[in-house]
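By convention in this document, chain letters (A, B, ...) are assigned in the order of the sequence lines, proteins followed by strands, and residues within each chain are numbered from 1.
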Amino acid sequence: MIDRTALLQQLSRVCRSGHADGLLPAAQPTGFDALDTRLPGGGWPLGALTELLSACGIGELQLLLPALRALTRCGRHLAWIAPPYPPYAPALARHGIALKQLWILHPRDARETLWATEQALRCPSFGAVLAWPTQAGDKSLRRLQLAAEAGGNLGVLYRPVAAAQNASPAALRLLLHPADDGLTVQFHKMRGVVLGSAHRVHCALAHGIA
Amino acid sequence: MLWLCIHLPHLPPAALTRLAAWAYQWSSHVSLGQADAAQVTGTPSSLWLELSASGGLFGSHITLLANIETELTQLRHRFALGLAPTPEGAALLARAAADAQLDTHDALRAWSLAELRARIAPLPLGLLALEADVLQALHGAGLRTIGQVLSLPAAAMARRFEPGASRHLLQLLGEIPDPRPAWQPPPIYRTRVDFDDDLHDSLALLFPLQRLLQEFQGYLRATDRAVQRFTLQLLHRRTPASRLDIGLSQPGRDAVQLTLLVREHLSRLVLTAPISALILEALEFVSPGIVQTDFFGGDAQKLQDLRQTLDRLASRLGPQQMQCLELRADHRPEYAAAIVTAFTTGATRLATAAGIEPHQPPRPCWLLPEPRRIPAPTALLRGPERIEGGWWDGDDVTRDYYMVRGADGERLWVFQDLHDGHWYLQGLWA
């Protein structure tokens with residue numbers, strides 16, 4: 001006889017991950033082997049929220065570009081909501097991002113940013129939704145997590161490092177630190193995984209040298 | 001010939017014209033006129049649609065009629081329909097439908113002249129569109145039904161009454177021609193609705209708007225076009241009109257989609273004064289060829305879904321807040337990219353877009369809107385890259401670019417302007 005508690009746990013995991021066929025959640029490879037081997041599905045979780053807790057200008061966007069390129073090649077669109085600076089087309093084109101599938105949104109305030117992020121996440125045509133919210137309470141983060149589950153897309157929130165102190169319903173939370181030739185990625189939270197002591201990964205970034 | 005008469009008593013002339021534009025989607029021969037029995041007043045209150053050529057296009061005449069009835073019901077007009085091989089026959093059946101208080105959605109139909117004659121024979125002669133004194137004389141002679149009038153010898157009718165009376169009967173039966181002027185849709189679309197009582201709540205606009213947009217959809221189908229941009233003006237009695245500019249990510253003509261968009265705009269609107277009238281004006285149309293490839297190319301459902309999401313976002317945020325990136329062929333970094341408003345029409349975007357140069361050195365992901373003056377940096381990580389250009393348009397630059405490390409480990413893209421020797425921050429290697 002099947003252990004009822006174990007079955008319920010398994011069911012709730014399946015429901016959360018939106019996957020009916022197994023325990024591994026859907027994921028988009030990050031393009032960094034060191035990272036992929038550590039992430040539960042072998043990449044950025046799809047249908048879930050990821051938080052990148054980072055300063056600005058240390059390579060935090062380059063960390064995502066291989067995955068974004070793969071998504072646009074499959075015909076998916078990208079939404080970038082409230083980026084801190086104007087994205088620069090030649091750099092993105094060089095990384096292989098299809099510019100025609102990239103939509104930059106500039107909401108006027110924090111509330112609109114959260115609303116727009118939720119709308120974009122709910123639309124499955126967006127392969128990835130990146131947002132730079134200036135504030136995000138627990139309730140709105142939950143809404144975004146649900147929206148990402150509905151849309152099945154890669155939802156990424158860029159937040160300041162200080163936000164690590166507050167709990168979040170995001171499936172994955174990574175702290176990014178600048179390193180000599182790239183980034184050090186520190187695992188802060190990974191749903192379904194108990195983080196051990198060795199939870200730092202180095203990702204070398206070419207800084208545009210593709 | 002097969003005529004459908006849509007009898008719309010008490011409809012203001014402007015509304016009838018809008019409905020003519022709507023009706024044009026079903027038939028290229030739409031005629032406005034007066035189908036009341038007493039043809040004394042001049043204002044038209046009926047539409048005639050010649051449908052003999054349309055049946056094949058829309059499956060069958062039965063489904064065509066069902067579609068027309070459904071839309072008229074959605075538009076919430078009080079109407080009566082009559083279908084017959086002659087315009088006057090159709091009008092008479094429509095009057096009969098209205099008078100008999102039948103379920104007005106049920107048209108009285110006569111597909112042939114013989115059927116028409118049989119249908120109208122038992123009807124009271126008062127339904128004939130004849131002058132009152134003619135009707136009275138016929139009644140005085142003991143006649144009660146149309147059948148009895150039609151069985152009178154034509155010569156007797158012609159002798160006894162004005163020539164108009166017998167001509168009417170002959171046209172009714174299709175024995176002499178009854179040409180009807182064809183109404184032409186206007187090349188631009190501008191409609192206005194005046195409200196009897198001012199509206200104080202923008203939500204109260206929704207019903208008249210739905211009707212307006214459904215008529216607009218009919219016009220777009222009729223002229224085989226889609227709309228890219230339109231405006232709504234809410235008129236106030238004393239203050240200037242409130243104007244809503246509504247743009248679509250892709251050309252569209254679906255009334256439901258248009259209504260959703262307008263709703264979003266209205267929900268953001270702060271009403272400063274009561275609304276006395278509404279003007280819908282279409283500014284930018286797209287030809288059918290583009291519409292077709294857009295509608296049917298690729299995965300239609302997903303495309304539709306994406307488009308609706310983009311439109312919803314643009315409606316709430318404002319179209320200026322949505323941008324796309326483009327490459328430009330220029331060596332100067334700030335000229336090598338363009339940020340364009342998302343819903344500029346496809347043609348202009350394609351014409352100016354450039355490709356990426358394969359041997360170009362790397363570039364940062366963020367570019368500051370304007371270079372920012374900084375003190376001379378110390379830790380140069382990479383460089384220099386000399387960039388020169390712009391002598392042709394007066395914005396001549398000569399710069400040496402470097403990657404430098406910032407105080408918090410961030411990587412910055414800076415340059416020294418060789419004209420003035422100063423250092424500037426222009427980008428971040430995010």
Problem - Heavy-atom closest contact (B:P364 atom, A:A91 atom, distance) - result: O-CB, 3.1 Å

Exercise for the section: Supply the atom-to-atom distance B:C365 SG to A:Q62 CD, rounded to the nearest 0.5 angstrom. Expected result: 5.5 Å

Exercise for the section: Might you confirm whether atom CD of A:Q135 has over 12 heavy atoms from other residues, nucleotides or ligands at distances under 6.0 Å? Expected result: no

Exercise for the section: Decide yes or no for A:Y85 and B:L367: does some side-chain heavy atom of the first lie under 4.5 Å from some side-chain heavy atom of the second? Expected result: no

Exercise for the section: First locate atom CD of A:Q101, then atom CG of B:L306, and finally report the distance between them rounded to the nearest 0.5 Å. Expected result: 9.5 Å

Fill in the blank from the handout: Distance col, row B:Q323:CD vs A:L105:CG, nearest 0.5 angstrom, shows 9.0 Å

Exercise for the section: Locate the shortest heavy-atom distance separating A:Y88 from B:W366; write the atom from each residue and the value. Expected result: CB-C, 4.4 Å

Exercise for the section: Counting only heavy atoms closer than 4.5 Å, note whether A:L183 contacts chain B via side chain, backbone, both or neither. Expected result: neither

Exercise for the section: Go through the atoms of A:A55 and report whether side chain, backbone, both or neither lie under 4.5 Å from a heavy atom of chain B. Expected result: neither

Problem - Contact origin within B:L317 toward chain A - heavy atom pairs under 4.5 Å - result: both

Problem - Top contributor to chain B interface from A:Q119, A:H177, A:R122 [non-hydrogen pairs under 4.5 Å] - result: A:Q119

Practice task
Give a yes or no on whether the backbone of A:I58 and the side-chain of B:E410 come within a donor-acceptor separation of less than 3.5 Å.
Solution key: no

Problem - Point-to-point distance, once rounded to the nearest 0.5 Å, from CG of B:L428 to CG of A:L61 - result: 11.0 Å

Practice task
Please check if atom CZ in B:R405 has more than 12 non-hydrogen atoms from other residues, nucleotides or ligands closer than 6.0 Å.
Solution key: yes

Completion exercise
Correct closest heavy-atom pair for B:R312 and A:W115 would be O-CH2, 3.7 Å

Practice task
State, with a plain yes or no, whether a side-chain heavy atom of B:D305 is found less than 4.5 Å away from one of A:C123.
Solution key: yes

Problem - B:R386 atom CZ, neighbour heavy-atom count above 12 within 6.0 Å - result: yes

Exercise for the section: Check whether A:L102 gets within reach of chain B through its side chain, its backbone, both or neither, counting any heavy atom under 4.5 Å. Expected result: both

Fill in the blank from the handout: Of the listed A:A120, A:P84, A:S54, the one with the largest count of heavy-atom pairs under 4.5 Å with chain B is A:P84

Handout entry: Toward chain A, the part of B:L310 with a non-hydrogen atom under 4.5 Å
Key = side chain

Fill in the blank from the handout: Heavy-atom nearest pair, B:R363 first then A:P90, reads CG-CB, 4.4 Å

Problem - Toward chain A, the part of B:R316 with a non-hydrogen atom under 4.5 Å - result: both

Completion exercise
Counting heavy-atom pairs under 4.5 angstrom with chain A, the leader among B:D408, B:T309, B:L412 is B:T309

Exercise for the section: Kindly check if the number of other-residue, nucleotide or ligand heavy atoms within 6.0 Å of CZ (B:R268) is above 12? Expected result: yes

Fill in the blank from the handout: Checked B:P333, B:A314, B:G406 vs chain A; the most non-hydrogen pairs under 4.5 Å come from B:P333

Handout entry: Atom of B:G409, atom of A:P178 and distance for their closest heavy-atom approach
Key = O-CB, 3.6 Å

Exercise for the section: Find out whether A:I104 and B:L325 are in side-chain contact, i.e. whether some heavy atom of one side chain is under 4.5 Å from a heavy atom of the other. Expected result: yes

Practice task
Find out whether A:R108 and B:Q321 are in side-chain contact, i.e. whether some heavy atom of one side chain is under 4.5 Å from a heavy atom of the other.
Solution key: yes

